[in-house]
Amino acid sequence: MNEEKRYYYGTLGSKFGEIVFVWRFADNKVVRIFLPMQRDLFRSSEYRSWGMSGINNRAALELIRKMESLLNGNPVEVSLDIVDWTRTAAFQRLVLRTEGKIPRGMVSTYGRIALKVNRPHAARAVGRALATNPFPLIIPCHRAVRSDRSLAGYAGGVKMKKRLLELEGIEFDQKDRVVTTRFW
DNA sequence: CTTACAAGAATAT
DNA sequence: ATATTCTTGTAAG
């Protein structure tokens, strides 16, 4: 069997539903995180068919523990070195790493992130990059909102996006736009 | 290589 | 508030 394609996964039951974390067996890098709404996607993914269930290492357990804490509203620190960057395109990698710098409790916009990666008119491309973020929660793509402060989509559903932001202390107006005036 | 998208943004109506 | 137009990185053909 191709070592590159051997995976193992673990699940975390949360108030949002079951979240699945997938690691590569060979180097214990996180290759993908599936949010509750993506259950079916996980079921039909290569990760399940080639994988084995169960967690067998400390770092993986540690991550799940941290994610559980994060979902309970606590600040957590996670190194970006634990995820697999080899399968992300250069542009997406840059966007995701930039997104990863947004502090908890703060939001940015797709356009501002585009500026930060020196692609001033690529707001939409940034949206694409975040929409296909393989590592939600670790890479906090929920902290990106539209320029009018309304919420765009989220792999786990806009509802989850809003709840995640509320956990961080972000407030919303009656039209579900973030009240923040200071963007990262 | 060309085409068709999409979690954007600015502008006009 | 909605429609139009410009924009750009990918996946698919």
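Lettering follows sequence order; numbering is per chain, from 1.
- What separates CE of Met37(A) from P of dA7(B) is a distance of 13 Å, to the nearest Å.
- Atoms CZ (Arg93(A)) and P (dT10(C)) sit 10 Å apart, rounded to a whole Å.
- DNA chain B lies under 4.0 Å from at least one heavy atom of each of the following residues of residues 152-163 of chain A: Ala152(A), Gly153(A), Tyr154(A), Ala155(A).
- Across the protein-nucleic acid pair, Leu164(A) atom CG and dA7(B) atom C1' stand 15 Å apart, rounded to whole Å.
- With ring centers used as reference points, Tyr9(A) lies 6.0 Å or more from Phe34(A).
- Where DNA chain C pairs in unbroken runs of 3 or more (Watson-Crick or G-U, both distances under 3.5 Å), the stems are B:1-6 with C:8-13, B:8-13 with C:1-6.
- At a cut-off of 3.5 Å, with distance as the only test, no side-chain donor of Ser14(A) or Glu68(A) sits close to an acceptor on the other residue.
- Less than 4.0 Å separates DNA chain C from at least one heavy atom of each of the following residues of residues 113-133 of chain A: Arg119(A), His121(A), Ala122(A), Arg124(A), Ala125(A).
- Looking at heavy atoms from C-beta onward, Val30(A) lies out of side-chain contact with Phe21(A) at the 4.5 angstrom threshold.
- For the atom pair CD of Gln92(A) and CG of Asn133(A), the computed distance is 7.0 Å after rounding to the nearest 0.5 Å.
- When the shell of 6.0 Å around CZ of Arg163(A) is examined, it contains more than 12 heavy atoms from other residues, nucleotides or ligands.
- Closest to the Ser147(A) side chain, of the nucleotides dA10(B), dA7(B), dG9(C), is dA10(B).
- Arg146(A) has its CZ atom 14 Å from the C1' atom of dA1(C), to the nearest Å.
- Taking the six-membered ring where tryptophan is involved, the planes of Phe135(A) and Trp85(A) are perpendicular, since the angle between them exceeds 60° and thus also 30°.
- When every heavy atom of Gln38(A) is checked against every heavy atom of Ala155(A), the shortest pair comes out as NE2-CB, 3.5 Å.
- Interatomic distance, CZ of Arg65(A) versus CG of Leu63(A), reported as 10.0 Å (0.5 Å rounding).
- When the shell of 6.0 Å around CZ of Arg58(A) is examined, it contains 12 or fewer heavy atoms from other residues, nucleotides or ligands.
- More than 12 heavy atoms of other residues, nucleotides or ligands sit less than 6.0 Å from atom NZ of Lys15(A).
- At whole-Å resolution of the value, OH in Tyr110(A) and P in dA10(B) are 14 Å apart.
- Residue Gln38(A) contributes atom CD, which lies 13 Å from atom P of dA7(B) at whole-angstrom precision.
- When rounded to the nearest whole Å, the span between CD of Gln92(A) and C1' of dA7(B) equals 13 Å.
- At least one side-chain heavy atom of Tyr154(A) sits under 4.5 Å from a side-chain heavy atom of Leu164(A).
- Glu99(A) places its CD atom 13 Å from the P atom of dG8(B), with the value rounded to the nearest Å.
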